[in-house]
Amino acid sequence: MSEIFLLRHREIPGLNQLRTYTANGGFETWMQAVKTQKPADIIQIVKDSGLRGRGGAGFPTGMKWAFLPNNIWPHYVVANADESEPGTFKDREILELNPFQFLEGLMISSFAVQAHDSYIYFRGEFAEIYRKFEDRIRELEEKGFIGEKLFGTDYSLHLHCVLGAGAYICGEETALLESIEGRLGQPRLRPPFPAVAGLFEKPTVINNVETLTNIPIILSKGVAYFRSQGTDKSPGTKIFCLSGRVKKPGNYELPLGTTFRELIYGHGEGILNDAQIKAIMPAGASSSLIPATEQALDTPMDYESVPALGAQLGSASVIILDETINIADLVNSTVHFFMHESCGKCTPCREGTYWMSHITQRIVEGKASKPDIDLLKSVATQMQGNCFCALGEFSIMAPLSGIEKFRADFEARVEK
Amino acid sequence: MNSLEKKYPDEVASILARYPEDQKRAAIIPLLHLTQRDAGFISIHAMNDVAEITRQSITDVASIAGYYTLFHDHPEGKIRLQVCTDVACMLRGAQEYLAELSRGLGIQPGETTADGLVTLEEVKCVAACDHVPVFQSQIGDAIEFHENQTSQKTLDWLRSMSASIKGEGS
């Protein structure tokens with residue numbers, strides 16, 4: 001039986017109201033943690049749970065928290081609510097409908113690393129959500145859940161909301177920090193890592209919304225319960241964002257290790273017009289294209305199995321392509337996305353995405369010749385491993401895998 | 001006290017209070033959002049106010065305003081109609097929806113209607129891929145999602161919205 005850890009609002013209506021959340025046990029874990037638990041013990045529990053970051057990289061959360069040095073203060077926690085990967089819409093559902101569980105997770109992580117000020121960075125398009133969070137935080141202050149000297153202890157916590165202004169790259173954690181500090185959202189050179197010199201040059205934990213929303217469940221119900229879902233190396237559930245050419249797109253919270261087939265044909269009810277499935281992009285626009293073979297469909301969606309197919313699980317934004325889609329058109333779209341969102345800091349990405357977009361545009365307009373396909377491949381290959389951050393590296397995934405696995409689609413466009 | 005501080009004393013104070021004393025530069029982005037509330041764009045005058053409050057150069061402020069896509073440095077339509085045509089939307093007919101809107105409004109993406117009310121724009125993924133077609137409206141500093149659209153539904157919404165904006169103006 002599959003458990004629900006995150007999308008609990010689907011079972012408890014009104015969970016985005018504070019009174020409903022507290023009536024269902026909300027913030028008890030938080031109060032218990034501050035009053036009775038040692039920060040180091042909480043970090044150990046999160047380590048034992050095996051929770052891995054849900055923003056894309058899958059890095060062990062507890063380990064991330066433990067990296068913060070105890071001789072540099074203050075510490076900060078930053079929640080990454082800059083959900084912008086094409087095909088990803090899970091954090092938005094949490095923020096709108098189960099916001100307090102996320103906030104409780106953020107508060108517990110703040111206590112675990114002894115941060116007294118924590119920030120939530122929302123993408124600019126989430127302006128309405130941001131406004132509601134400002135009200136919710138005020139409500140939590142009024143009820144005494146956050147503020148000075150909480151529950152008779154010496155621990156104080158303040159939460160702050162920051163609204164971005166439209167830039168995909170700000171989901172990259174160091175670009176996000178730059179943006180909070182009032183700069184262009186461009187990634188920083190590492191080291192130093194944010195754990196040592198992050199926000200305002202202080203030790204900082206940056207976690208995704210979905211990651212933090214797991215924390216109250218792990219602490220209240222225990223590591224064994226959390227690990228009852230998912231696989232040994234990828235424990236817990238994950239919200240899979242299903243979109244593209246399926247009958248029932250949407251968010252599906254399922255145990256990690258669920259197969260593509262179950263997601264697409266079980267929950268998604270199959271392909272539009274019962275057409276033939278062609279390819280899967282498991283990590284949004286940043287994804288390599290996986291040809292939808294029987295073997296691929298039976299692959300478990302977890303952090304170990306998807307790489308075996310030559311792709312990544314990423315944020316689990318599963319975009320489905322069917323036989324009606326020409327892969328060259330698809331690649332043109334993803335390449336234009338990255339060209340638009342390249343921050344301009346490094347030459348391979350700034351120039352590479354620009355030139356790739358010119359080539360793919362020529363191809364889809366039928367103005368290209370056959371050597372252009374290899375030219376596209378050549379530009380992508382020259383970018384590979386040379387970009388400053390992951391955005392540039394992500395931008396070549398679809399073109400390279402597209403040409404390798406669906407070359408006929410490109411040839412069909414140039415021969416016209 | 002400059003005109004932004006005079007107009008929004010409480011908002012400016014609360015924005016500055018979010019950040020450590022020596023990190024007021026961080027207030028640039030929230031203050032730019034505030035300046036966009038009324039005019040729907042950021043004038044040079046407004047950038048100067050933000051520079052003064054955060055003790056940064058106007059060049060720094062202008063670079064931020066120019067970098068982020070939701071900041072606009074010149075006036076356009078009161079309602080910015082921003083249609084997502086990114087990957088997941090493209091797969092479910094966003095281009096056709098955009099073309100219908102374009103025909104209905106008599107303008108191309110990037111253009112503004114003659115009455116100055118509506119600017120039609122194409123935008124990248126807005127995190128609503130399961131409710132395509134989708135657009136977001138940007139009016140001043142307010143951004144709202146409109147999901148599961150048809151061009152008819154959108155044009156109807158625009159008509160009633162335009163009427164209420166015209167009403168306010170008269």
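Proteins get letters first, then strands, A, B, ... in listed order; numbering begins at 1 in each. Model, not experiment: these values are computed from the prediction.
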| field | Spacing of A/Ile325 atom CD1 and B/Met90 atom CE [to the nearest 0.5 Å] | value | 6.0 Å
| Which region of A/Thr334, side chain (C-beta onward) or backbone (N, CA, C, O), has a non-hydrogen atom less than 4.5 Å from a non-hydrogen atom of chain B, or is it both or neither? | both
| said: Which one wins on heavy-atom pair count under 4.5 Å against chain A: B/Ser63, B/Ala127, B/Ala17? | reply: B/Ala127
| task | To the nearest 0.5 angstrom, please state how far the CZ atom of B/Arg25 sits from the CZ atom of A/Phe200. | result | 11.5 Å
| chain A heavy atoms under 4.5 Å from B/Asp60: which part of the residue, side chain, backbone, both or neither? | neither
| said: At a 4.5 Å cut-off on heavy atoms, which part of A/Ile129 comes close to chain B: side chain, backbone, both, or neither? | reply: neither
| If you tally heavy-atom pairs under 4.5 Å against chain B, which of A/Gly185, A/Gly164, A/Cys241, A/Ala127 wins? | A/Gly185
| query | For chain B, which of A/Arg123, A/His336, A/Lys248, A/Met281 has the most heavy-atom pairs under 4.5 Å? | reply | A/Arg123
| query | Which heavy atom of B/Asp86 sits nearest a heavy atom of A/Pro86, and at what distance? | reply | OD2-CG, 3.7 Å
| remark: chain B shares the most heavy-atom pairs under 4.5 Å, among A/Glu93, A/Glu128, A/Arg183, A/His340, with A/Arg183
| Under a 4.5 Å heavy-atom cut-off, does chain A meet the side chain of B/Tyr19, its backbone, both or neither? | both
| task | Check B/Tyr68 against A/Ala165 and note the closest heavy-atom contact, atom names and distance. | result | CB-O, 3.2 Å
| task | May I ask you to decide whether A/Glu134 forms a salt bridge with B/Arg18, counting only side-chain N to carboxylate O separations under 4.0 Å? | result | yes
| Of the backbone (N, CA, C, O) and the side chain (C-beta and beyond), which part of A/Ile319 lies under 4.5 Å from a heavy atom of chain B, both, or neither? | side chain
| note | Of all heavy-atom pairs linking A/Gly87 and B/Cys125, the shortest is N-SG, 3.7 Å
| said: Among A/Glu83, A/Glu341, A/Arg131, which residue has the highest count of heavy-atom pairs closer than 4.5 Å to chain B? | reply: A/Arg131
| request: Please round to the nearest 0.5 Å and tell me the distance separating atom CG of B/Asp130 and atom NZ of A/Lys90. | output: 13.5 Å
| message | So, taking the atom named OG in A/Ser84 and the one named NZ in B/Lys124, what distance separates them when rounded to the nearest 0.5 Å? | response | 13.0 Å
| message | Surrounding NZ of B/Lys78 (heavy atoms of other residues, nucleotides or ligands, distance under 6.0 Å), is the total greater than 12? | response | no
| said: Tell me whether the count of non-hydrogen atoms from other residues, nucleotides or ligands lying under 6.0 Å of CD in A/Glu201 goes above 12. | reply: no
| said: For A/Tyr168, which atoms come within 4.5 Å of any heavy atom of chain B: side chain, backbone, both, or neither? | reply: neither
| request: Answer with side chain, backbone, both or neither: which region of A/Ser179 has an atom nearer than 4.5 Å to a non-hydrogen atom of chain B? | output: both
| Selection from B/Ala142, B/Cys84, B/Pro20, B/Gly66 maximising heavy-atom pairs under 4.5 Å formed with chain A | B/Pro20
| request: Side chain from CB out, backbone as N, CA, C, O: work out which of these in B/Ile29 comes under 4.5 Å of a heavy atom of chain A, or both, or neither. | output: side chain
| said: Using every non-hydrogen atom in the two residues, find where A/Gly244 and B/Leu91 come nearest and quote the distance to one decimal. | reply: CA-CD1, 3.9 Å
| Does B/Tyr67 reach the side chain of A/Ile169, with side-chain heavy atoms less than 4.5 Å apart? | yes
| field | Residue B/Ile28 versus chain A: region with a heavy atom under 4.5 Å | value | side chain
| note | CG (B/Asp141) and OH (A/Tyr130) are apart, to the nearest 0.5 Å, by 9.5 Å
| note | chain B shares the most heavy-atom pairs under 4.5 Å, among A/Ala285, A/Gly284, A/Cys343, with A/Cys343
| Top contributor to chain B contacts, counting heavy-atom pairs under 4.5 Å, from A/His160, A/Arg245, A/Arg92, A/His158 | A/Arg92
